[in-house]
Number of protein chains: 2
Amino acid sequence: MASIKDVAAEAGVSVATVSRVLNSHPSVSPGARARVLAAVDTLGYRPNAVARSLRTDQTRTLGLVISDVLNPYFTALARSVEEAARALGYSVIIGNADERPELQDHHVRTLLDRRIDGLLVSPADGSSPQVRDAARGGTPMVFVDRWIPGVDVPVVRADGCPAVRDLVAHLYGLGHRKLAIIAGPAATTTGRERVEAFREALAEHGLPLPDAYIGQGDFQADSGRRATERFLGLGEPPEVVFAADNLMALGALDAIRARGMRVPRDIGLAAFDDIPWFLHTDPPITAISQPTGELGRAAVRALVDVIEGRPPQSVTLPARLVVRRSCGESEQSQRSDL
Amino acid sequence: MASIKDVAAEAGVSVATVSRVLNSHPSVSPGARARVLAAVDTLGYRPNAVARSLRTDQTRTLGLVISDVLNPYFTALARSVEEAARALGYSVIIGNADERPELQDHHVRTLLDRRIDGLLVSPADGSSPQVRDAARGGTPMVFVDRWIPGVDVPVVRADGCPAVRDLVAHLYGLGHRKLAIIAGPAATTTGRERVEAFREALAEHGLPLPDAYIGQGDFQADSGRRATERFLGLGEPPEVVFAADNLMALGALDAIRARGMRVPRDIGLAAFDDIPWFLHTDPPITAISQPTGELGRAAVRALVDVIEGRPPQSVTLPARLVVRRSCGESEQSQRSDL
DNA sequence: ATCGGGCGTGTAATCGATTTCAAGACCACG
DNA sequence: CGTGGTCTTGAAATCGATTACACGCCCGAT
């Protein structure tokens, strides 16, 4: 592969002049510029980003560590992040943690080794020392979706509490009183928040949230399945199950179907995170929708602010309830939101 | 951030010795080794991968350019690729082409600028000069899923022809005669192959594939919707629609539902690519399943073979039909494959 | 004619690693 | 005591860029 030296030789100038042309510095004569450009063309020269990064101490690359690539919510987020970053001239390297803290740490470490300019993290656990150290060490960083309390880093996320309250009111209005939740890991902020919001919303209607109605999940389909099986085996099973993410909702659907039961006839189902497929499940699923596109854009904006020395801002966007048919809604309410 | 010089100073040795310890060269005295390790520890030193790459001319990074991150088939593939690469000590940078040739070329270019050790590509178009040049230029490369004819690069893919034949036989057995297909872009190999396999399989049963029954799609949901609308507006609409990927199947489902029709009562639906959600749609969808995990592993193996100078092998794996309920299958055949 | 100030250009230092080469220390053997 | 070999070690070159600095040149002002 041709290097800047080859270009300089071909154009009959020094490497400094080549570099100046490539970086559009002002003081280069038109003649030299033309010869350099011609040489670049005939050699098919492309600057070596590795060498450039070493010298300039910036890679124009952002790291994004997400909890699970197979989760459509996170791929939608990843996509909007990449798009926003590209518009600003940055590339992004995605690390998939698979909800495993040690994998998350692995990715953070290799990303740091590569000297990415900034890091977007949705922590799989609540206290990764790796992440803490990176933040303390001065790596530009912003949390997206989930965060780690006590680490001084901007957070970009959606606030699901009002939407959860809407959901509970909706379920109450449909006559449901026995409501269960499949929670996410207590180590994650979203895992905790959603249970708390649910509990508080229930309390507003004078409803309890017994321990038996809290299933401990890990945001993966299988845990949703197991939790739902336990619910269904209860002497007094819940009337509606609320899954704290879309994958666990999928697992719940599995478990319900395996028992030969039907949604919503035998049991209702609602989910946090809305994804295109929820329109086409049997039945379409009532869900809480997050503005992933805006979330990704805001996260990149905040991170680039940190990188370029501007004061960054935490951003909280609203999530909203999308009513469909999985909780025994009437035809009427169904149609209004389809 | 501490550099190797700082470590050398702290340990009271030269940078050469530090480097030797870090790369576990044999000839370092136990004392020096211990002091270096201690220095590394107190400074929290991590080698700069950028500098290392510049010197060694290898990044231990693979590039993966996929056609669409929002397509669960490709995220499953990306996941298995990353996993296999990690096991071999490589990182993966994913580029999402969004089915747009110019975006694909953008990613190939920046990946090459970053001097990745090898490239895994699922080309969004049939003739990217960018990709051709990279291959000719000697960049280790492997095509996965789709490929570009005439470019001498190993291909790792699933052969869907037998499964398509099985599908057509299955549909024929159910009494369907009017079969339509929503094709992928003719610029992609998978786009063409699936139509051809479908046409040939129909011919085996003496069935025609009229032009009116070929919808031109682009592997995205919206095109599936439009093609299906056209089918439904025909004087003699098809009895079954076969979508050449899962996203277009989703669009088809939309279109059918928008007309107030039901699957499979009013029209049947089948899809290429199987994804977990197909079990939970209304109704569960009969689909052709690809072995994404094995595909990803084989692709990485082949690419690393090229990189490390071993003779690489093209790999073709079988796809298989998964019968569910979206084509008017009886309860019996449904249960056997659920 | 002299001086000052741009402007265009090249030389060389630099970024943080790896690696070659030579040299010093030490030991064993004759 | 001299010789040769092994084992450790460090100095310096190198990878491919960017950039500070200096130099030569030309032009206009005095």
Side-chain angles (χ1 to χ4, degrees), chain A residues 1-37 39-40 43-61 89 109-117 137 139, chain B residues 1-37 39-40 43-61 89 109-117 137 139:
Chain A
M1 194 144 252
S3 83
I4 196 171
K5 260 186 222 159
D6 304 316
V7 177
E10 172 82 15
V13 297
S14 74
V15 294
T17 300
V18 176
S19 177
R20 279 189 274 256
V21 171
L22 266 28
N23 296 285
S24 42
H25 262 263
S27 60
V28 178
S29 68
R33 160 166 286 113
R35 268 175 300 140
V36 168
L37 259 19
V40 164
L43 294 175
Y45 169 76
R46 298 243 81 213
N48 183 328
V50 174
R52 187 201 298 256
S53 293
L54 176 61
R55 183 59 230 256
T56 61
D57 201 34
Q58 53 163 321
T59 49
R60 293 211 72 87
T61 301
R109 199 164 334 134
T110 59
L111 254 13
L112 256 29
D113 285 353
R114 268 152 212 267
R115 302 303 195 260
I116 46 146
D117 293 342
T139 303
Chain B
M1 193 143 253
S3 84
I4 196 172
K5 260 187 222 159
D6 304 317
V7 177
E10 172 83 15
V13 297
S14 73
V15 295
T17 299
V18 176
S19 176
R20 278 190 273 258
V21 171
L22 264 29
N23 295 284
S24 42
H25 262 265
S27 59
V28 178
S29 68
R33 160 166 286 113
R35 267 175 302 141
V36 168
L37 259 19
V40 164
L43 294 176
Y45 169 74
R46 297 243 80 211
N48 183 329
V50 174
R52 187 202 297 258
S53 292
L54 177 60
R55 182 59 230 253
T56 61
D57 201 35
Q58 53 163 320
T59 48
R60 292 211 72 87
T61 302
R109 198 164 337 144
T110 59
L111 255 12
L112 255 29
D113 285 354
R114 270 152 211 266
R115 301 302 194 264
I116 46 145
D117 293 341
T139 304

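Model, not experiment: these values are computed from the prediction. Every chain is numbered from 1, with letters handed out A, B, ... down the list of sequences. Any value given below was found using the heavy atoms of this structure, including those in side chains, with hydrogens, waters and symmetry copies removed.
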Q: Measuring from B/Asp117:CG to B/Ser53:OG, what's the distance to the nearest 0.5 Å?
A: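 Spacing of CG (B/Asp117) from OG (B/Ser53) equals 7.5 Å.
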
Q: Using a 4.0 Å heavy-atom cut-off, does B/Ala32 contact any base of the nucleic acid, only the sugar-phosphate backbone, or nothing at all?
A: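 It contacts sugar-phosphate atoms only.
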
Q: The side chain of A/Ser14 lies closest to which of these nucleotides: C/dT11, C/dT18, C/dT19?
A: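 When the side chain of A/Ser14 is considered, C/dT11 is the closest of C/dT11, C/dT18, C/dT19.
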
Q: Between A/Leu22 and B/Gly12, who's closer to the 5' end of DNA chain D by nearest nucleotide?
A: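 Whichever sits nearer the 5' end wins; that is B/Gly12.
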
Q: Tell me: CD of B/Gln58 to C1' of C/dT18, nearest whole Å?
A: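 Rounded to the whole Å, the gap is 12 Å.
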
Q: Could one point to a donor on the side chain of A/Arg20 or the base of C/dG10 with an acceptor on the other under 3.5 Å away?
A: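 Present.
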
Q: Can any side-chain N or O of A/Arg115 pair as donor or acceptor with the backbone N or O of A/Thr59 at less than 3.5 Å?
A: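 Not confirmed, A/Arg115 side chain does not pair with A/Thr59 backbone.
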
Q: Please work out if B/Val50 contacts a base, only the sugar-phosphate, or nothing of the nucleic acid, heavy-atom cut-off 4.0 Å.
A: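 Counting heavy atoms under 4.0 Å across all strands, no contact is made by B/Val50.
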
Q: Separation of B/Lys5 atom NZ from C/dT18 atom C1', in whole Å?
A: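 Atom-to-atom, B/Lys5 to C/dT18, this comes out as 14 Å.
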
Q: If the test is side-chain contact (heavy atoms from CB on, under 4.5 Å), which one of A/Leu54, A/Asp57, A/Asp113 qualifies with B/Val50?
A: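 Among A/Leu54, A/Asp57, A/Asp113, the one meeting side-chain contact (heavy atoms from CB on, under 4.5 Å) with B/Val50 is A/Leu54.
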
Q: Would you say C/dT9 has OP1 or OP2 under 4.0 Å from some side-chain N or O of A/Ser29?
A: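 For C/dT9, OP1/OP2 do have a side-chain N/O of A/Ser29 under 4.0 Å.
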
Q: Students often get this wrong, so: under 4.0 angstrom with heavy atoms, is B/Thr56 touching a base, only sugar-phosphate, or nothing?
A: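 Sugar-phosphate, backbone atoms only, no base.
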
Q: DNA chain D: B/Arg55 or B/Arg115, which has the more 5' nearest nucleotide?
A: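 It is B/Arg55 whose nearest nucleotide is closer to the 5' end.
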
Q: Mind checking if A/Asp57 touches a base, just sugar-phosphate, or nothing, with heavy atoms under 4.0 Å?
A: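 Contact class for A/Asp57: none.
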
Q: Base, sugar-phosphate, or nothing: which does B/Ser3 touch, judged by heavy atoms less than 4.0 Å apart?
A: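 Since only primed, P, OP1 and OP2 atoms lie under 4.0 Å of B/Ser3, the category is sugar-phosphate.
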
Q: Touch check for A/Ser27, heavy atoms < 4.0 angstrom, all strands: base, sugar-phosphate only, or nothing?
A: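 Base, at least one base atom sits under 4.0 Å.
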
Q: Is there a donor-acceptor pair closer than 3.5 Å between any side-chain N or O of B/Arg33 and the backbone N or O of B/Val21?
A: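 Pair absent, no side-chain N/O of B/Arg33 close to backbone of B/Val21.
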
Q: Would you kindly give the CG-to-C1' distance between B/Asn23 and C/dA17, to the nearest whole Å?
A: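 Result: 9 Å.
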
Q: With side chain to side chain contact (heavy atoms under 4.5 Å, CB included) as the criterion, how do B/Ile4 and B/Ser19 come out once you've worked through the C-alpha distance, each side chain's angles and the decisive distance to 0.1 Å?
A: CA-CA 8 Å; B/Ile4 196 172; B/Ser19 176; 4.0 Å; yes

Q: Could you tell me whether B/Val28 contacts a base, only the sugar-phosphate backbone, or nothing, with contacts defined as non-hydrogen atoms closer than 4.0 Å?
A: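 If one applies the 4.0 Å heavy-atom cut-off, B/Val28 turns out to touch the sugar-phosphate alone, with no base involved.
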
Q: Walk along DNA chain D from 5' to 3' and tell me the first and last nucleotide with an atom closer than 4.0 Å to a non-hydrogen atom of chain B.
A: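 Under 4.0 Å from chain B, the extent on DNA chain D is D/dT8 to D/dG16.
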
Q: For A/Asn23, does the CG atom sit with more than 12 other heavy atoms under 6.0 Å from it, leaving out its own atoms?
A: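 Buried by this count: over 12 neighbours within 6.0 Å.
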
Q: Can you find a side chain N or O atom of A/Thr17 that sits less than 4.0 Å from OP1 or OP2 on C/dG10?
A: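 Checking A/Thr17 against C/dG10: at least one side-chain N or O falls below 4.0 Å of OP1 or OP2.
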
Q: Atom CG of B/Leu43 and atom CD of B/Glu10: how far apart are they, to the nearest 0.5 Å?
A: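 One finds 5.0 Å between CG of B/Leu43 and CD of B/Glu10.
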
